[in-house]
Amino acid sequence: MPSIFARIINGEIPCYKIAEDDRYFAFLDINPLAEGHTLVIPREETDYIFDLNDKLLAGMMVFAKKVALAIDKTMPCKRVGMAVLGLEVPHAHIHLIPINELGDIDFMKPKLKFTPEEFKATAAKIRAAL
Ligand code: 5GP
């Protein structure tokens with residue numbers, strides 16, 4: 001059974017896409033901690049990020065860097081924070097989250113709600129800065 005993220009890559013489940021290439025894919029988190037909260041995933045379906053081979057893991061960082069810099073340019077924040085949890089979805093992923101202070105990256109906090117139009121507008125802004 002493919003993971004929910006594999007189904008997003010395949011277009012079976014819609015997403016607000018930010019970027020993709022032949023190995024990686026980035027899209028907005030549907031339950032964001034901040035506007036612009038983005039997930040970066042490898043196309044290869046591996047559950048645990050540290051089971052990825054070195055080349056794929058290193059390439060994922062470089063891909064995440066490009067996305068993070070575009071988020072940084074477009075979302076008001078001091079930094080783009082990066083986190084790896086993987087407790088919910090068994091498909092390796094990096095969270096990129098615009099942050100201003102330590103508490104902004106607390107996954108226990110209530111998530112933000114945006115309308116589809118707001119998600120679309122956020123994704124378009126980030127994509128335009130890539
Ligand atoms: P983690 O596995 O790192 O604990 O959390 C998985 C993340 O994926 C959560 O932040 C959750 O909001 C996000 N997520 C789960 N299902 C979907 C989905 O169908 N679409 C999108 N865009 N994000 C999802």
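Remember, it's 1-based here, ligands and their atoms both numbered in the order they're listed.
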>> Just to confirm my output: which protein heavy-atom neighbour is closest to atom 15 (C) of ligand 1, and how far is it?
In response: E88 OE2, 3.4 Å
>> Looking at D54, I'd like to know if its CG atom is crowded, meaning that more than 12 non-hydrogen atoms belonging to other residues, nucleotides or ligands lie closer than 6.0 Å.
In response: no
>> A quick test of your reading: do over 12 heavy atoms of other residues, nucleotides or ligands sit less than 6.0 Å from CZ of R127?
In response: yes
> Among F119, F5, F107, Y16, whose heavy atom sits nearest atom 8 (O) of ligand 1?
Replying inline: F5
Scan the side chains in residues 55-77 for donor-acceptor partners under 3.5 Å anywhere in the protein, sequence neighbours excluded, and list what turns up.
| from | atom 1 | to | atom 2 | distance (Å) |
| --- | --- | --- | --- | --- |
| K73 | NZ | A129 | O | 3.3 |
| T74 | OG1 | A70 | O | 2.7 |
| T74 | OG1 | I71 | O | 3.3 |

> Can you tell me if NZ on K78 sees more than 12 non-hydrogen neighbours from other groups inside 6.0 Å?
Replying inline: no
>> Side chain, backbone, both or neither: which applies to H37 and ligand 1 if a contact is any heavy-atom pair less than 4.0 Å apart?
In response: neither
> So which protein heavy atom does atom 22 (N) of ligand 1 come closest to, and at what separation?
Replying inline: L28 O, 2.9 Å
> So, do F114 and F119 sit near enough that their side-chain heavy atoms are less than 4.5 Å apart?
Replying inline: yes
>> Tell me whether F107 at atom CZ has more than 12 heavy atoms from other residues, nucleotides or ligands lying less than 6.0 Å away.
In response: yes
> Numbering the atoms of ligand 1 from 1, which are under 4.0 Å from a heavy atom of F27?
Replying inline: 21 (C), 22 (N)
> What distance do L33 atom CG and I105 atom CD1 have between them, rounded to the nearest 0.5 Å?
Replying inline: 7.5 Å
> For ligand 1, which atoms, with element, lie under 4.0 Å from some heavy atom of G86?
Replying inline: 1 (P), 2 (O), 3 (O), 4 (O)
>> If the contact criterion is a heavy-atom separation under 4.0 Å, does I13 count as touching ligand 1?
In response: no
> Looking at atom 6 (C) of ligand 1, what's its closest protein heavy atom, distance included?
Replying inline: H93 NE2, 3.5 Å
> What residue and heavy atom of the protein are closest to atom 20 (N) of ligand 1, and at what distance?
Replying inline: I8 CD1, 3.6 Å
> Does ligand 1 have a heavy atom under 4.0 Å from the side chain of K111, from its backbone, from both, or from neither?
Replying inline: neither
>> I want to check something: taking the side chain as every heavy atom from C-beta on, are F5 and F25 in contact at a cut-off of under 4.5 Å?
In response: no
> Starting from atom 9 (C) of ligand 1, which protein heavy atom do you reach first, and at what distance in Å?
Replying inline: D29 OD2, 3.4 Å
> For ligand 1, which atoms have a heavy atom of I4 less than 4.0 angstrom away?
Replying inline: 19 (O)
> Are H93 and H95 close enough that their ring centers fall under 6.0 Å?
Replying inline: yes
>> Counting non-hydrogen protein atoms only, what is the nearest one to atom 23 (N) of ligand 1? Give residue, atom name and distance.
In response: I30 N, 3.4 Å
